[in-house]
Amino acid sequence: MRRCAKILNIHRTTVSRKMNFLAAQARLAHQRYLNALDKLDHLIFDEMESFEHSKLKPLSIPIFVT
């Protein structure tokens, strides 16, 4: 936040207050979006095992399908 304030040439408190305001707005927008969604009847979970470069770097890839 200090870097943002310096780049924008504003006070750090202003950046902090704006971030809190935007976070609250994002929470409200997300909640409205979730409320607008239809309720799910089924949710399927699947998981895939793979590796990156070698067997010593395993990956687990979870997938949800509605």
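In this text the structure is predicted, and so the values were computed from the model without any measurement. As a basis for the values below, the full set of heavy atoms in this structure was taken, side chains included, without hydrogen atoms, waters or symmetry mates.
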### Query
For I7, which residues count as a side chain to side chain contact (heavy atoms under 4.5 Å, CB included) partner, sequence neighbours excluded?
R3
### Task
Drop me the distance from R2's CZ to S16's OG, to the nearest 0.5 angstrom.
12.5 Å
### Task
Answer whether the closest heavy-atom distance between the side chains of F64 and L43 falls below 4.5 Å.
yes
### Spacing of CE belonging to M1 relative to OG1 belonging to T13, to within rounding of 0.5 Å
10.0 Å
### Query
If you measure from CZ on R32 to CG on N35, what distance do you get to the nearest 0.5 Å?
9.5 Å
## Note on the structure
Rounded to the nearest 0.5 angstrom, the CD-CD1 distance for E47 and I63 is 9.0 Å
### Query
Taking K18 as the fixed residue, which of L22, N20, V15 is the one that meets the side-chain contact (heavy atoms from CB on, under 4.5 Å) rule?
L22
### Message
Check this for me: F45, atom CZ, are more than 12 non-hydrogen atoms of other residues, nucleotides or ligands nearer than 6.0 Å?
### Response
yes
#### Entry: Reported CE-to-SG distance for the pair M19 and C4, which is rounded to 0.5 angstrom
7.0 Å
